[in-house]
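Some notes on the structure that comes next.
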Amino acid sequence: MTFQRTAQSVTLTIFVILLASAAYPYMEGSAADFFLRLDPLAAVGTMIAAKAFIWILIPGLIILALTFILGRFFCGHICPMGSTIDFLSRIAFGKRKLPADQNNYENDRRFKAVKYVFLAVIIGAAMAGVSIVSFGSPLSLATRIYGLLFYPLLMFLLDLGLRLLTPILPIIGLQSWLYIDVPKASFDTNGLIAIFLIAVIGFAYLRPRFWCRYLCPAGALMALPTNCSVFRRRVDDKCINCGKCVRMCPMGAIKNDPKLTAFSECVMCLNCQSVCPVNAIDFGLAPQVPATVDVTRRGLLVGLTSGILAAGVFRTGIDAQKSEGLKPLKSGDPIRPPGALPENEFMDKCIRCGECMKGCLTNTLQPIWFKAGLEGIFSPALMPRLGACATNCNVCGQVCPTGAIRRLPLIEKNHAKMGTAAIDRRTCLVWERDKKCLVCDEVCPYNAIEFKPVPNLTNAPPFVDEMRCTGCGWCENKCPVHGEAAIRVNTSGQLRLASGSYVERAKELGFAFKQKSKTSEQASPGMFEGIEGVTSPADGAGKDTGLPPGFE
Amino acid sequence: MPTSPNRRDFLKTGLVTTATVLAAGPGFLLNSRSSHAAESASYPDVVIAKGRDPEAMTRAAVDALGGMKAFVKPGDKVVIKPNMSFGSGPAAASNTHPEVVRAVAQMCSEAGASRISILDNVLHSPNECLKKSKIPDTCQGIPNLNVNVIKGDRLFRETPIKDGKSLKTMKVASEVLDADVLIAVPVGKSHSGAGVSLSMKGMMGLVLDRGVFHQRGLQQSIVDMVSVIKPQLVVIDGTRILSDGGPGGPGKVIPLNLVIASRDMVAADAQMVALGTWYGRSFEPKQVSHIKLAAERGLGRIDLDKLTVKNITS
């Protein structure tokens, strides 16, 4: 195995392990988000969009700084997107060699400029205050692919494998494997992520690392300092012009004359060195040569302008209007995770990597489609019908690489009100059908449901005390009404603090988020799994007998 | 109805016909055990063992029914169903006392069981349940024993309920369907939907699709379920009961210092209802409708005054 393959295997493994560690229970200090913070584009783009220096994103800047010395080593050795493309296209297409005249630098030079334009668009949009980093940031893309697509697939395959093996496990002495409980996770938008991945790998058939060559804006960003990078490809006079290195270069970085290199394209994979039949190639300190960053000024200006205009489109879209202090204009605003920054800042800082969703204990955090507009795609929101925000879990904030969700202690997180539950009297079993149903109250961790007698109903119907409701969504999750729940969380009353204590702010505002003793004591994952332990309307059958529940 | 009420009981109660039909149907668990009814003729219907030591009480109660060898033959595969659904300790009484479970498992082992599986489809996080219930820890060292949480539908098989009134089918843990002996070891506790949760209600921990029980009517569904998965032996942990706030608690825990054992799940549950205090008062077994309905369907006896009840002190 070559040095590059080894490096890629190691870094990809670290990436996967860190991503896997984004889970409940989260070990404090395990830095699940560290790899994400290595992304130079995420660092630069996010800082420009947020108009702030973001300390936790320094690793990305360090990588960018190292590019001045080592060139695009990140692309060739560390980037999980690059490694994934290399590995998957190798599996899919085997070892492919393009003819030298198709794979030399000059051949597709025009297309290689596209990534700079893409970068300019992202920077332009960021300058205008809209972060579209997530469309191109390789770590954001890779985390989405691994966390939201591969992780559920792996679980699916594990379960399938165990299912198929079930008859023989006892025979081969692995009876204990029978009981392995494979976690389930499902994510909205996973089909789109799959299509994107298929496209990225598919296009790699036309040109190796198609994405990295032509499109990756982070690659473009790291190509900029390569003009003066120190450590470079060198070819000495032994070169026999065989062109083998030109054919083998995954980036098409070697020119028609194989002695010459486009350093802006070179990802330091060292392939050329290992295939050279006469050992004419090595990497080391090299003299400066003219620039190869070959985007035109027109291209850059068009890119920047397009980015600014794109930001304008987003900002003048209807989804941006709520942030101007107006009430939400559309129903069904996304319910952001607890501790998410105020919406504008949140949208600036969130790179839609999906790490919070991967880490979410109850799978309630989902990537959204267009609920927050086109620019909000893949950003996280609660889906209470699928799961509710668990009182014992604060993983989302712990693993957010950019601080878009604040890193809060549990008590702070449980005071970060996400919204308020509201009862739909048209479908509530008590309000509409006068049935005895207490489910929302029984599952509410905060005692926010009250039953008050009303005229014309024999059963006292539920009311939500908004001062106790944190918007966690257990009521919506367990509401026994079929289809859409009769009690649903909306964003009203949400607390979104850029800094300061949620506990204190909640106190100032008169909120009383006090957990029932039951939940604080037994705040274990899955505590409300199943409807068991909860009185169902059918159980009580609507009779008030004056006896304890279940007796007659 | 191979094991629960003995032959004499059938004649007395005139339920022979129903019983035959039931036995011919889903009695797969029990067919090989049908001779036990005859053997048990000289044993009491219900045993109440009183004392302070959970293990001694459990042993005494089972011994009074003929000992575990009357239920478990050498080489048998046994499933023990305790309550370990909640991440709480023995003092909270939402799970079976681990020493009662251990005594039962130990006796199965002594009787020569080839495999003893303690299983429950738990409600709280599996790790919390296993840890806090203390059942795996306490049972350590018993040969051929495993304690496991059953989750995931590959561990369950669709099973018809021939005489089901609310349910026609359910997914039962495959291991239970394949076992030779099923032993229920519930704790005595109240239940917000079923009144009490004892041996019959506890069987829901062996079923996957139990949410539908609540939709179709819990009490009748429980009876449908136990017409198919019937424990041959019931040992109810009454060392202390969760008299209200059940099934999960927290609630009032009352020490009763007793263990009930019976071949008849209905009789055992009825006895527990009669002995316990629930929500601060006493109830008759027939006030719990799944117990009443089970008796009406001939799945066991509720008429405690007509049963031989043996009281022992250990």
Side-chain angles (χ1 to χ4, degrees), chain A residues 24-25 155 158-167 169-170 175-184 361 390 392-393 437-439 442 478 480 482 516-541 545-552, chain B residues 85-88 92 94 115 117 119 121-129 132 146 148-155 174-175 190-197 204-205 210-219 221 244-250 273 278-281 283 286-290 292:
Chain A
Y24 183 93
M155 294 303 121
L158 277 179
D159 188 68
L160 186 67
L162 284 170
R163 189 181 295 270
L164 295 174
L165 288 174
T166 294
L169 283 175
Q175 197 130 16
S176 60
W177 284 28
L178 283 174
Y179 308 102
I180 293 172
D181 181 22
V182 182
K184 281 184 203 72
L361 170 60
N392 53 321
C393 172
C437 178
L438 316 163
V439 173
E442 288 187 297
K478 293 297 178 207
H482 287 264
K516 289 177 189 168
S517 61
K518 184 174 174 175
T519 50
S520 58
E521 229 174 73
Q522 306 183 331
S524 58
M527 59 173 296
F528 294 125
E529 190 238 304
I531 197 166
E532 189 68 359
V534 161
T535 316
S536 161
D539 299 344
T545 54
L547 290 170
F551 288 95
E552 57 179 43
Chain B
S85 237
F86 296 91
S88 58
S94 45
R115 179 172 169 77
S117 303
L119 303 178
N121 180 1
V122 302
L123 295 168
H124 280 180
S125 122
N127 285 337
E128 294 274 288
C129 292
K132 292 198 176 152
N146 71 86
N148 275 298
V149 163
I150 40 173
K151 293 260 153 200
D153 92 312
R154 66 173 194 279
L155 294 172
S174 307
E175 192 160 356
S190 53
H191 189 279
S192 59
V196 289
S197 175
M204 279 172 76
R210 54 198 171 182
V212 70
F213 281 48
H214 294 266
Q215 289 159 22
R216 304 262 172 87
L218 180 62
Q219 305 272 17
S221 298
D244 59 27
V273 171
W278 310 100
Y279 298 91
R281 49 186 282 193
F283 287 94
K286 66 171 196 276
Q287 288 181 276
V288 178
S289 60
H290 71 267
K292 188 179 76 184

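Sequence lines set the chain letters: A, B, ... in the order given, protein chains first and strands last, and positions in each chain run from 1.
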With heavy-atom distances below 4.5 Å as the criterion, would you say the side chains of Tyr179(A) and Val149(B) are in contact? no

Can you measure from CG (Leu155(B)) to OG1 (Thr166(A)) and round to the nearest 0.5 angstrom? 6.5 Å

Checking Gln175(A) side chain against Asn146(B) main chain: does a donor-acceptor pair fall under 3.5 Å? no

Heavy-atom distance under 4.5 Å between the side chains of Arg154(B) and Asp159(A), does that happen here? yes

Would you call the rings of Tyr279(B) and Phe551(A) parallel, tilted or perpendicular, taking 30° and 60° as the class edges? perpendicular

Of the non-hydrogen atoms in Arg281(B) and Pro548(A), which two are nearest, and what is the gap between them? NH1-CD, 4.5 Å

Could you look at Asp244(B) and say if it's the side chain, the backbone, both or neither that has a heavy atom under 4.5 Å from chain A? neither

Minimum heavy-atom separation for Pro549(A) to Ser192(B), with atom names? CB-O, 3.0 Å

For salt bridge (charged side-chain N to carboxylate O under 4.0 Å, His left out), just list the numbers for Lys286(B) and Glu552(A), CA-CA rounded to whole Å, side-chain angles, deciding distance to a tenth of an Å, and then say yes or no. CA-CA 8 Å; Lys286(B) 66 171 196 276; Glu552(A) 57 179 43; over 6 Å; no

Starting at NZ of Lys184(A), measure out to NZ of Lys151(B) and round the result to the nearest 0.5 Å. 9.0 Å

